[in-house]
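Notes follow once the structure below has been shown.
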Amino acid sequence: MISFVSGPVAALAPDTAVVEVGGIGMAVQCTPGTLATLRVGQHAKLATTLVVREESLTLYGFADDDERQVFELLQTASGVGPRLAQAMLAVHNPDALRRAVATGDEKALTAVPGIGKKGAQRLLLELKDRLGDPVGPGQGIGAPVTSGWRDQLHAALIGLGYATREADEAVTAVAPQAEAVLAEGAQPQVGQLLRAALQSLNRAR
């Protein structure tokens, strides 16, 4: 098992970072929150877990060991594979997930794409004794990975190499989409917003 990768960031994409390790570029699947902390050319160290499938080997990367541990524990629940576990961590940080499970907060889980009401109820039941108690100072239940989608999206675009002006324009372009989600009482999905922002930038070029 590859427990971590360490080296300069060679490239960034909406869901992947390429880290150079001993002259080899390791493609690592990461959440938007983790990608937003990375910069091309700068050194990075990511906790990782290798998911082996018959047709593929996929390396998932995390900001720290706690996030990786929660990623692995989430997959002990029936119906949760690596992609859904990563989507849960893209929407909520580890402590927010622990808090949601500890308090039976269905709404926090249904904010994750791919989890409906029945799925959330099942996950709350199965994960209740597995995730443990929150370890950090309290954020609100179901708090997003960062304080605001604008900051996270802007940082991710800068990390992908776009100029500040381009990032500002892209954030403005997707703002109506994010505000519509907020009006429904849900949290904007930064991964989806990042894809929409990249499409708007490609159209502008």
How long is the gap from CG on Leu193 to CZ on Arg150, to the nearest 0.5 Å? 10.0 Å
For the pair Glu126 (side chain) and Ser78 (backbone), establish whether a donor and an acceptor sit closer than 3.5 Å, ignoring hydrogens and angles. yes
Test item: Phe62 and Thr34 side chains (from C-beta on) under 4.5 Å apart, heavy atoms: no
Test side-chain contact (heavy atoms from CB on, under 4.5 Å) applied to Pro94 - qualifying residues, sequence neighbours left out: Asp66, Glu67, Val70, Leu89, Arg98
Are Ile115 and Leu125 linked, directly or through intermediate hydrophobic residues, by side-chain heavy-atom contacts shorter than 4.5 Å (ILVMFWY only)? no
Quick check: are there more than 12 heavy atoms from other residues, nucleotides or ligands sitting under 6.0 Å from CZ of Arg83? no
Do the side chains of Asp168 and Arg165 get close enough for a salt bridge, i.e. N-O under 4.0 angstrom? no
Do Val174 and Leu194 make a side-chain contact, defined as non-hydrogen atoms from C-beta onward lying under 4.5 Å apart? no
Verify the cluster assignment for Val112 and Val181: are they in a single hydrophobic cluster under the rule of side-chain heavy atoms below 4.5 Å apart? no
What verdict does the side-chain contact (heavy atoms from CB on, under 4.5 Å) test give for Leu46 and Cys30, after you've listed the backbone C-alpha separation in whole Å, the side-chain angles of each residue and the deciding distance to 0.1 Å? CA-CA 9 Å; Leu46 297 171; Cys30 302; 4.0 Å; yes
Under 4.5 Å between any side-chain heavy atoms of Arg99 and Leu97, yes or no? no
Could you tell me whether the side chain of Arg53 reaches within less than 4.5 Å of the side chain of Pro82, counting heavy atoms only? yes
Taking every heavy atom of Ala47 against every heavy atom of Arg68, the minimum-distance pair comes out as CB-NH1, 4.0 Å
Just checking, any donor-acceptor pair under 3.5 angstrom between side chains of Gln86 and Thr31? no
Main-chain N/O of Val171 paired with His154 side-chain donor or acceptor, under 3.5 Å: no
Look at atom CD of Glu55 and say whether more than 12 heavy atoms of other residues, nucleotides or ligands are closer to it than 6.0 Å. yes
From Gln75 atom CD to Met88 atom CE, the distance as rounded to the nearest 0.5 Å: 10.5 Å
Minimum heavy-atom separation for Leu74 and Ala85, please, with both atom names. CD1-O, 3.9 Å
Looking at NZ of Lys128 and CG of Leu123, how far apart are the two atoms once the value is rounded to the nearest 0.5 Å? 13.5 Å
Are Val28 and Val18 co-members of a hydrophobic cluster defined by side-chain heavy atoms under 4.5 Å apart? no
How about Arg130 and Thr76: does a side-chain donor come under 3.5 Å of a side-chain acceptor? yes
Reference residue Leu59; test side-chain contact (heavy atoms from CB on, under 4.5 Å); the match among Val19, Ile2, Thr49: Ile2
Between Ala44 and Val9 the two heavy atoms that sit nearest each other are CB-CG2, 3.7 Å
side-chain contact (heavy atoms from CB on, under 4.5 Å) between Met26 and Val21: does it pass, once the steps are laid out? CA-CA 7 Å; Met26 306 284 282; Val21 181; 3.8 Å; yes
When rounded to the nearest 0.5 Å, the distance separating NZ of Lys45 from CZ of Phe4 is 4.5 Å
Could you walk me through whether Gln29 and Thr58 satisfy the side chain to side chain donor-acceptor pair (under 3.5 Å) test, starting with their C-alpha distance in whole Å, then the side-chain angles of each, then the deciding distance to 0.1 Å, before giving a yes or no? CA-CA 8 Å; Gln29 297 276 321; Thr58 306; over 6 Å; no
Between the side chain of Thr16 and the main-chain N/O of Ala13, is any donor-acceptor distance below 3.5 Å? no
Once you round to the nearest 0.5 Å, how far does NE2 of His43 lie from CG of Leu38? 11.5 Å
Mind listing the closest non-hydrogen atom pair of Ala10 and Val40 along with its distance? O-CG1, 3.9 Å
Should Tyr60 and Thr48 be marked as a side-chain contact (heavy atoms from CB on, under 4.5 Å) after you check the CA-CA gap, both sets of side-chain angles, and the distance that decides it? CA-CA 5 Å; Tyr60 288 85; Thr48 57; over 6 Å; no
Can Lys107 and Glu184 be counted as an ion pair, charged N to O under 4.0 angstrom? no
Report the C-alpha separation of Val52 and Leu50 in whole Å, then their side-chain angles, then the decisive distance to 0.1 Å, and conclude whether the side-chain contact (heavy atoms from CB on, under 4.5 Å) test is met. CA-CA 6 Å; Val52 180; Leu50 182 64; 4.2 Å; yes
Separation between CG of Leu35 and OG1 of Thr37, rounded to the nearest 0.5 Å: 7.5 Å
